[in-house]
Amino acid sequence: MAQNDLIHSVKDRFQNVFGKAPLQTAYAPGRVNLLGEHTDYNGGFVLPMPLTLGTAVAVGFGGAAGTVHISSTAFDAVEQRMLSDRSADHWTDYVIGSLIHLLDGVLVKEGLQVMVSTDLPIGSGLSSSAAVEVATIRATAALFEMKLSDVDIAKLARKAENAFVGVPCGIMDQYSVSVGEPGTAVFLDTRTLRSEVAALPDSHHFVIVHSGVSHKLSEDGYEKRVSECHEACAALGVEMLSDLGLSDLPSVDALPSPINARARHIVTENDRVLRAVSALQDQDLALFAQLMIESHNSQRDDYAVSVPEVDALVQGALDAGAEGARLTGGGFGGSIVAFMPKHRVDVWSKTIDAQFPNARILAVT
Ligand code: ADP
Ligand code: MG
């Protein structure tokens, strides 16, 4: 569904469920990360690309002060939460957590009503969570006539996911879906929050394929990697792993295992993002594709966030004619992104469908 259709449909749903028109709506896309995995919570570089799939949120006033009634086309029920709530391990946490962080210190005299509608696959590594947070904050900020920049919105959304939902993610997802432009990638330095638009080749598509193995970022694996990175920083006496460059690899390698491998992934992945951005500028697509493959190998061997089904899918994607392919997102299952000339996509997709019955093509951009 195009962005405008999604906004129309969320308005209709709001009207049907709450019996009146919403006062504000907002939209945020999903994203796929092209390169720079797990670098964002290490102060490093990332290269995400907003998608043409996304999430629309409609908001209005209704009900008693302090209450928030939330509904989503993905879950159908109308749930009641409070602005004084804590996390409840429920899908509404993403909405209520965003509202609580946005409205901190604001006098809210009436209840709120929120409707969410999406054409993104949920929990597949395309950042449906950041899209919900950013669209909720953007629509509600408009409702309260608060002036926030796209970067401010991204920061609040990340806070909601970290502090309220309890997922220790970096800022990549929220930044790319709040600030990015569809059709381009966002080259972001997560430490300075400075970003540049990276133009993408007209000749190629990125195809996102779900492996059929679902992930949950709040499960142990992701947090474990975050704490392993902290351990590596402490051992090396640096504030963040992005303080290190390729010339520091000998001291990284000398750390005990597996901390050495975790840190090596971050250091080499940061370097790959920089080289990939130059490759795009130089239109050296072969190098760009090669860096995607190296990134996958590093995620598999050093960062240990891949699973056999994902490794097989990456290899199958390359065998079927993709020039580059890699695990994208937090890992432990989830999706891959494959890079190929546009004219190859149809035949390639048929091959993948036939060879990987559990895999699902989620988006072609
Ligand atoms: P991803 O961000 O990769 O899609 P996450 O596990 O980070 O996966 O976030 C998925 C969670 O976000 C869902 O389980 C749900 O709680 C919430 N969510 C995302 N999109 C929606 C939606 N349209 N309606 C309701 N909740 C949503
Ligand atoms: Mg998410």
Side-chain angles (χ1 to χ4, degrees), residues 3 27-54 125-127 130-131 133-135 137-138 148-159 169-206 208 239-246 265-295 298-299 323-324 326 328-329 337 339 363 365:
Q3 176 173 339
Y27 172 88
R31 65 95 190 95
V32 64
N33 192 23
L34 302 181
L35 214 62
E37 217 66 73
H38 293 272
T39 46
D40 65 340
Y41 53 83
N42 285 294
F45 303 115
V46 291
L47 191 64
M49 172 183 77
L51 302 174
T52 49
L53 304 173
L126 301 189
S127 254
E133 292 151 7
V134 165
I137 291 170
R138 185 163 283 147
L148 294 176
S149 71
D150 291 342
V151 175
D152 291 337
I153 291 173
K155 286 182 183 166
L156 277 171
R158 180 198 181 185
K159 240 195 201 168
C169 58
I171 194 151
M172 168 174 67
D173 295 355
Q174 291 81 8
Y175 192 100
S176 55
V177 312
S178 181
V179 178
E181 297 283 338
T184 63
V186 182
F187 170 37
L188 169 66
D189 179 341
T190 61
R191 184 186 303 233
T192 61
L193 289 193
R194 270 199 287 271
S195 66
E196 285 170 26
V197 175
L200 296 170
D202 285 335
S203 55
H204 280 57
H205 272 317
F206 292 94
I208 304 154
E239 193 197 336
M240 294 182 133
L241 289 179
S242 56
D243 288 337
L244 305 170
L246 294 184
H265 167 74
I266 301 301
V267 172
T268 58
E269 186 78 351
N270 264 330
D271 179 65
R272 280 187 286 274
V273 177
L274 293 178
R275 284 156 65 207
V277 169
S278 302
L280 286 174
Q281 276 162 359
D282 300 343
Q283 299 188 6
D284 186 347
L285 302 187
L287 175 57
F288 183 83
Q290 184 57 36
L291 290 164
M292 289 180 74
I293 295 170
E294 286 173 20
S295 168
S298 176
Q299 292 188 86
E323 291 172 352
R326 60 184 286 278
T328 183
V337 57
F339 178 63
T365 303

A.B. asks: Between Ala131 and Pro29, which heavy-atom pair has the shortest distance, and what is it?
C.D. replies: CB-O, 3.6 Å
A.B. asks: Distance check, rounded to the nearest 0.5 Å: Met49 atom CE versus Leu200 atom CG?
C.D. replies: 6.5 Å
A.B. asks: Looking at side-chain heavy atoms only, is the closest gap between Ser176 and Val46 below 4.5 Å?
C.D. replies: no
A.B. asks: If you define the side chain from C-beta out and look only at heavy atoms, does anything of Phe187 sit under 4.5 Å from Leu274?
C.D. replies: yes
A.B. asks: Measure the CD1-OH distance between Ile266 and Tyr41 for me, rounded to the nearest 0.5 Å.
C.D. replies: 5.5 Å
A.B. asks: Determine yes or no for a side-chain-to-main-chain donor-acceptor pair under 3.5 angstrom, with Asn42 supplying the side chain and Met240 the backbone.
C.D. replies: no
A.B. asks: Output, in order, the C-alpha distance, side-chain angles, deciding distance and verdict of salt bridge (Lys or Arg N to Asp or Glu O under 4.0 Å) for Asp243 and Arg191.
C.D. replies: CA-CA 10 Å; Asp243 288 337; Arg191 184 186 303 233; 2.7 Å; yes
A.B. asks: Between Leu47 and Ala198, which heavy-atom pair has the shortest distance, and what is it?
C.D. replies: CD1-CB, 4.1 Å
A.B. asks: Without hydrogens or angle criteria, can the side chains of Ser295 and Arg272 be said to hold a donor-acceptor pair below 3.5 Å?
C.D. replies: no
A.B. asks: Locate the shortest heavy-atom distance separating Pro201 from Leu280; write the atom from each residue and the value.
C.D. replies: CD-CD2, 4.0 Å
A.B. asks: To the nearest 0.5 Å, what is the distance between CG (Leu291) and OG1 (Thr268)?
C.D. replies: 10.5 Å
A.B. asks: Quick check: closest heavy atoms across Gly44 and Thr190, and the distance to 0.1 Å?
C.D. replies: O-OG1, 2.7 Å
A.B. asks: Any non-hydrogen side-chain atom of Leu126 less than 4.5 Å from a side-chain atom of Ile208?
C.D. replies: yes
A.B. asks: Is the His265 ring parallel, tilted or perpendicular to the His38 ring (thresholds 30°, 60°)?
C.D. replies: perpendicular
A.B. asks: Ignoring hydrogens, what is the shortest heavy-atom contact between Thr365 and Leu51? Give both atom names and the distance.
C.D. replies: OG1-CD2, 3.7 Å
A.B. asks: To the nearest 0.5 Å, tell me how far Asp40 CG sits from Asp173 CG.
C.D. replies: 7.0 Å
A.B. asks: Taking side chain to side chain contact (heavy atoms under 4.5 Å, CB included) as the definition, give me every residue that meets it alongside Gln290, ordered by chain and number, with sequence neighbours left out.
C.D. replies: Ile293, Glu294
A.B. asks: With respect to Ser178, which candidate in Arg158, Glu133, Arg138 satisfies the side-chain hydrogen bond (donor to acceptor under 3.5 Å, both in side chains) definition?
C.D. replies: Arg138
A.B. asks: Got Arg31 and Val186 here, is their nearest side-chain heavy-atom distance under 4.5 Å?
C.D. replies: no
A.B. asks: So does Gly180 get a backbone contact from the side chain of Thr184, meaning a donor-acceptor N/O pair under 3.5 Å?
C.D. replies: no
A.B. asks: Once side-chain hydrogen bond (donor to acceptor under 3.5 Å, both in side chains) is applied, do any residues pair with Gln299, and if so which ones, sequence neighbours excluded?
C.D. replies: none
A.B. asks: Could you tell me whether a side-chain N or O of Glu37 sits under 3.5 Å from a main-chain N or O of Gly329, the two making a donor and an acceptor?
C.D. replies: yes
A.B. asks: When you compare the side chain of Arg326 with that of Leu35, does any pair of heavy atoms fall below 4.5 Å?
C.D. replies: yes
A.B. asks: Is there a side-chain contact between Leu34 and Phe339, using heavy atoms and a 4.5 Å cut-off?
C.D. replies: no
A.B. asks: Once rounded to the nearest 0.5 Å, what's the spacing between atom CG of Asp282 and atom CZ of Phe288?
C.D. replies: 13.0 Å
A.B. asks: State whether the side chain of Glu269 and the backbone N or O of Gly36 hold a donor-acceptor pair below 3.5 Å, judged by distance alone.
C.D. replies: yes
A.B. asks: Once you round to the nearest 0.5 Å, how far does CG of Leu241 lie from OG1 of Thr39?
C.D. replies: 10.5 Å
A.B. asks: Which residue is it: Val179, Val177, Val134? I am looking for the one with a side-chain contact (heavy atoms from CB on, under 4.5 Å) to Ile153.
C.D. replies: Val134
A.B. asks: Which atom pair, heavy atoms only, marks the closest approach of Ala157 to Gln174?
C.D. replies: CB-CG, 3.5 Å
